[in-house]
Protein chains: 4
Amino acid sequence: MTPSLTEKSRELAASVMKDGISQAALEVLKQHGYEGLTMDRVAEVAGVAKGSIYHYFRNKQELVTHVFEQIIEPAIQAGEEIVQKASPALQKLEAMVRMWLEYFSQHRSLFDFLFRDPAVRELCFTSQRAKHGLAIERFRAIVQQGIEEGVFRSLEPVVVAEMIIGALQFVIERQLETGESRPIDETVQRLLDVFVHGIGRSEAQAATG
Amino acid sequence: MTPSLTEKSRELAASVMKDGISQAALEVLKQHGYEGLTMDRVAEVAGVAKGSIYHYFRNKQELVTHVFEQIIEPAIQAGEEIVQKASPALQKLEAMVRMWLEYFSQHRSLFDFLFRDPAVRELCFTSQRAKHGLAIERFRAIVQQGIEEGVFRSLEPVVVAEMIIGALQFVIERQLETGESRPIDETVQRLLDVFVHGIGRSEAQAATG
Amino acid sequence: MTPSLTEKSRELAASVMKDGISQAALEVLKQHGYEGLTMDRVAEVAGVAKGSIYHYFRNKQELVTHVFEQIIEPAIQAGEEIVQKASPALQKLEAMVRMWLEYFSQHRSLFDFLFRDPAVRELCFTSQRAKHGLAIERFRAIVQQGIEEGVFRSLEPVVVAEMIIGALQFVIERQLETGESRPIDETVQRLLDVFVHGIGRSEAQAATG
Amino acid sequence: MTPSLTEKSRELAASVMKDGISQAALEVLKQHGYEGLTMDRVAEVAGVAKGSIYHYFRNKQELVTHVFEQIIEPAIQAGEEIVQKASPALQKLEAMVRMWLEYFSQHRSLFDFLFRDPAVRELCFTSQRAKHGLAIERFRAIVQQGIEEGVFRSLEPVVVAEMIIGALQFVIERQLETGESRPIDETVQRLLDVFVHGIGRSEAQAATG
DNA sequence: CATGAATGAGTGTTCATTCAT
DNA sequence: CATGAATGAACACTCATTCAT
């Protein structure tokens, strides 16, 4: 059992180091941008020798990936909670949109950097359908639930999920670019309004429908 | 008149070279990504000496910018034509969505790279409201027209424009990532359907409205 | 005889071009310094094609050398005149010191650049004992004359000439560096005073002597 | 105490490397001149990788400056000692002239290169009145002392100092250029003779002579 | 395990020189 | 002769990665 204990403390120490380095990398990312993310700087900020980083991360890419995962974790958790709740789809949708809006407005600048690494993108979206793919999956589930509840029309839920996320991301992105920051509540309402009721006028809709 | 002729052929040769280098850069971009875009590679692919590139582009950034402009130009033109037509907003919207859909599906992979260059982003979005900002402006104008025609509800047109573009981009992005390629017609219909009618069911809408 | 005429006009044209290019190089030198002296810039300022420079100067070094010769020529001439005059050595010395002082204060900044090229140095001082060596020779001749006239002590004239030139150059150099510009008359007097009478006090001299 | 030991050996190793690189740079300077001083060559001669140089010197300029300081340091020290001594001005002057003469004859070729770097010049003369400015200051102090002792005439000491240094430098320079090497003792005597007694035969001098 | 010195391939950019037109 | 596009070697500097201690 002793070895198990030693092993555990070893593991603990290792994970502490990993986190420390990861945090340092995040700091560097914030201050110097993606192109300014050098192992030297990470080592300096983390207060460890450059070589030590390679004990915990095989290479720079792995470090970047880990940083990304650290950042996105809270959103994953928050999303999970929202989905798990026993609320109507519309409420879940609103909660989800608000959560992502808040999340993106906090971290968008970092995403600019993180999404830059093709390897990270690969990881996030495609390969293991992880993280972002997960976001889609969750919106999809909510849309599906809405359809089943009879409040949403019977549309392809994945595509709808994608549209919502895309719209949401881009709206945030624009706000960051233009510098203006509208209250999140307002943005949430607008997004929901458009997606739920459409931009078409009811009479016209009645006519077309 | 002779100098005019010589001058012309010189200009022609110069523009041929510029295009050649630009094409080479595009090729490198496709194969190696933005981080892999080195002047050496461009020179090699273009089949010219590295130094020669600097006869046509002051520096790397200028080359990148030029490549970007070359790519986006056709879309700008097509957008202009659509906007100028005297058609109802709904038709324009459809044409615009289809155009961008076609355009993005052709170039999305490049945008991943191009949008990554801060200088390019600057150019595109912020500084001179050029290119992408222009796209927003055009969608905005169409939405505005729709509102005036009485077919669209009176929503903030800029935000709606942003949502549509965001949704559109992301849907394409996803298709590229998942590898599946749905017919563009179908995607256009889905986007319009969602944005015009919303995802909510009519009764619910009637109830809310 | 016709070919002779053609030949002459050809030669004339060539020398005109050489001078034009040389002047352009001088201009570039003044504006951009030695490190900024590029063939491109020279061609641009001269208003000729870069390639044309190589018709008149085998390479950059030859051009630089030519520029140097152009600059130093007036001083050579002025020196010649002073030496040729039938005046007492002391008067010649004063005239010479004044001339060089004026000359250096006008061109010192250029010398900083020109003396930088080892090839130029080679040319100027060593190889053909040209130019600068010539200056030494002239000061030497004046000192010699002074000895013969009985107004100067019988010292090794070359070394004395070197000392005077060295002192003269350095005093100017310092003025340029410190930025202060004392009147030339004053500097001339000081130099002559020190070199003619020495810094030692008469009694002390008598004591030492 | 162990860390202190490790630290010390580390520091030692670092200073050994710095010196090695510095020496290599000196070697390159001697063989290829200032324009031929490339980091590649320094690395090759030093037997280290190019990148390693940048562990010890932030950039080329810093390396050059360091080389310069290494070379000039001994002269600074020797000058300090001479000035500090409690000897009559005339003796100090002789010692100083001899010291510089010896020093310059050893390093003049390097100065050709070193003085060429604007940054080095800046450092030496202007900015902190360091090094060369220091030399002037010291000669000035000696002249001043001589005036106070009553052995030198009451002349502007700074200008006299400049003249002596200029003459001294130029005489050495000439010897290097012409290749002839006169005994230093002789040169010292000639310089002092000229500067103390002047070249003119005055009545007083005539009386002594 | 921790270290940080050492590495060396790679980066964008410059510029004297050549040569086909 | 005049041209200027093309060249390519050279430059200072960076940085992910390795490895002896």
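The sequence lines fix the lettering, A, B, ..., with proteins before strands; numbering per chain opens at 1.
- Counting all heavy atoms, side chain and backbone alike, G36(D) lies closest to V28(D) at O-CG1, 3.7 Å.
- When the C1' atom of dT14(F) is taken as reference, atom CD of E35(A) falls 13 Å away, rounded to whole Å.
- A donor-acceptor contact under 3.5 Å is formed by the side chain of H55(B) with the base of dA6(F).
- Taking the side chain to side chain donor-acceptor pair (under 3.5 Å) definition, one finds that E62(C) meets it with R58(C), sequence neighbours left out.
- Note: CE (M39(B)) to C1' (dT14(E)) measures 12 Å, nearest angstrom.
- Counting only heavy atoms from C-beta on, A49(C) has its side chain closest to dG4(F) among dG4(E), dG4(F), dT17(E).
- Rounded to whole angstrom, the span from the CD1 atom of I21(C) across to the C1' atom of dA2(F) amounts to 11 Å.
- At the heavy-atom level, T38(D) lies under 4.0 Å from the strands shown only through sugar-phosphate atoms.
- Applying the 4.0 Å criterion to OP1 and OP2 of dA2(F), one finds that Y56(C) has a side-chain N or O inside that range.
- The pairing partner recorded for dA9(F) is dT14(E), the criterion being a Watson-Crick or G-U wobble arrangement whose two distances lie under 3.5 angstrom.
- Summarising the base pairing, dA9(E) is matched to dT14(F) through a Watson-Crick or G-U wobble pair whose two defining distances lie under 3.5 Å.
- Between V48(A) and R58(C), the one whose closest nucleotide on DNA chain E sits nearer the 5' end is V48(A).
- Donor-acceptor pairing under 3.5 Å, judged by distance alone, is present between the side chain of K50(B) and the base of dT13(E).
- Nucleotide dA20(F) is matched to dT3(E) when pairs are restricted to Watson-Crick or G-U wobble geometry with both distances under 3.5 angstrom.
- Residue-to-nucleotide proximity on DNA chain F shows that, of G47(B) and R41(D), the 5′-proximal contact is made by G47(B).
- Looking at heavy-atom distances under 4.0 Å, L37(C) makes contact with sugar-phosphate atoms alone, never a base.
- If Y54(C) and G51(D) are placed on DNA chain E by their nearest nucleotide, the residue sitting closer to the 5' end is G51(D).
- Between L63(A) atom CG and dC15(F) atom P the separation is 15 Å, expressed in whole Å.
- Distance, D40(D) CG to dA9(F) P: 14 Å, rounded to whole Å.
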